[in-house]
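First comes the structure, then the notes that go with it.
Whatever order the structure lists ligands and atoms in, that order sets their numbers, starting from 1.
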Amino acid sequence: MLKKILGFLAATFFTFGFALPTIDNSTTTFVGPERGHLVIVGGNLQNDVIWQRIIDLAGGSNAPIVVIPTAGGEPSYNSNFSSAVTLRQLGATNVTVLHTYDPAEADTDDFIAPLLGAKGIFFGGGRQWRLVDAYAGTKTEKALQAVLDRGGVISGSSAGASIIGSFLARGDTANNQIMIGDHTVGFGYLKNTAIDQHVLVRNRHFDMFDILRAYPELLGLAVDEDTALVVHQNEAEILGSTYALIYDGGFWSREGSDLKNLPAANARFYFLKPGDKYDLGARKVIE
Ligand SMILES: *[C@@H]1O[C@H](CO)[C@@H](O)[C@H](O)[C@H]1NC(C)=O
Ligand SMILES: *[C@@H]1O[C@H](CO)[C@@H](O)[C@H](O)[C@H]1NC(C)=O
Ligand SMILES: *[C@@H]1O[C@H](CO)[C@@H](O)[C@H](O)[C@H]1NC(C)=O
């Protein structure tokens, strides 16, 4: 492929004497992971279909899966953290709970040992800034990226969904109502995005605009409870119980939009239901 592109560029250059055009990398850089998958859940994860998809994308019931409960803020965690128990009940045989609040510990080889062979990661809910304080910039963060690079899955629910975006929505340590808080950088497995959760159950559907007014280049994604975005490269599919909301400045409806009176582009959002697919690169519904 690269050879073909270089060949084309060389032919263009020598045939017409044009200066080499700027290489358009928009088709070679994906918004989501090039290898592996993301499963981004809007909180209150009950649906076995979503849990099962996480197990399947990790490689099946024997795949090593690491559950990270750190967002929850409890004084300590053991191997029976609820999400780990659920994964085991659904047949996953190799589930490890990994936790620290101490970035120095998160930066050690001993701590990251369970991540080195992992094919699946699940971040539990709570406050997303705790994940940043514990793991950002450490060996743990690198080892998490490596799970995707070897074709695995990174998943998370609620706070564990928001951490997957590049902009950290609701990252304030004071409370969960400040959309642009004292922590604004997520782990960025989904580039150029802000991810909100619990959106319909908690009537959060206008909150994303607090972020988009300040950062209009971001794609806003808000996922309702017990619902997931499953992402590979530029494709996101909605899975689970209710809806995901898309804030891309556009509008989409099964019945078209010609006869609708829509708000201004910077005040629009629209819903996608389970089975719908969205192109994160083109920022368009896949019809
Ligand atoms: C494409 O490449 C340019 C220049 O190297 C860089 O600034 C830009 O961020 C890249 N775009 C993407 C989507 O990665
Ligand atoms: C986890 O639960 C199992 C089954 O109930 C129990 O045997 C085990 O002792 C528990 N482990 C911890 C660390 O609490
Ligand atoms: C779980 O997976 C790890 C990493 O691949 C491996 O080292 C370990 O032996 C596995 N444990 C079980 C019980 O299969």
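- Shown in contact with Asn94 at under 4.0 Å from a heavy atom are these atoms of ligand 3, numbered in order with element: 1 (C), 2 (O), 3 (C), 8 (C), 10 (C), 11 (N), 12 (C), 14 (O).
- Other residues, nucleotides and ligands contribute only 12 or fewer heavy atoms inside 6.0 Å of the CD atom of Glu255.
- Using a 4.0 Å cut-off between charged side-chain N and carboxylate O, Arg204 and Asp210 make no salt bridge.
- Residue contact check: Pro64 has heavy atoms under 4.0 Å from atoms 2 (O), 4 (C), 5 (O) of ligand 3.
- Ion pairing between Arg268 and Asp248 fails under the 4.0 Å rule for side-chain N and carboxylate O.
- Among residues two or more places apart in sequence or in another chain, the ring-ring contact (aromatic ring centres under 6.0 Å, His included) test is passed with Phe209 by Tyr247.
- Of all non-hydrogen atoms in Asp182 and Gly171, the two that sit nearest each other are OD1-O, 3.3 Å.
- Between Tyr243 and Phe271, the ring planes are perpendicular. Angles over 60° get that label, and only those under 30° would be called parallel.
- Sorted by chain and number, the heavy-atom contacts of ligand 2 below 4.0 Å come from Asn78, Ser79, Asn80.
- Salt-bridge check for Asp279 with Lys284: failed, with every basic side-chain N at 4.0 Å or more from each acidic carboxylate O.
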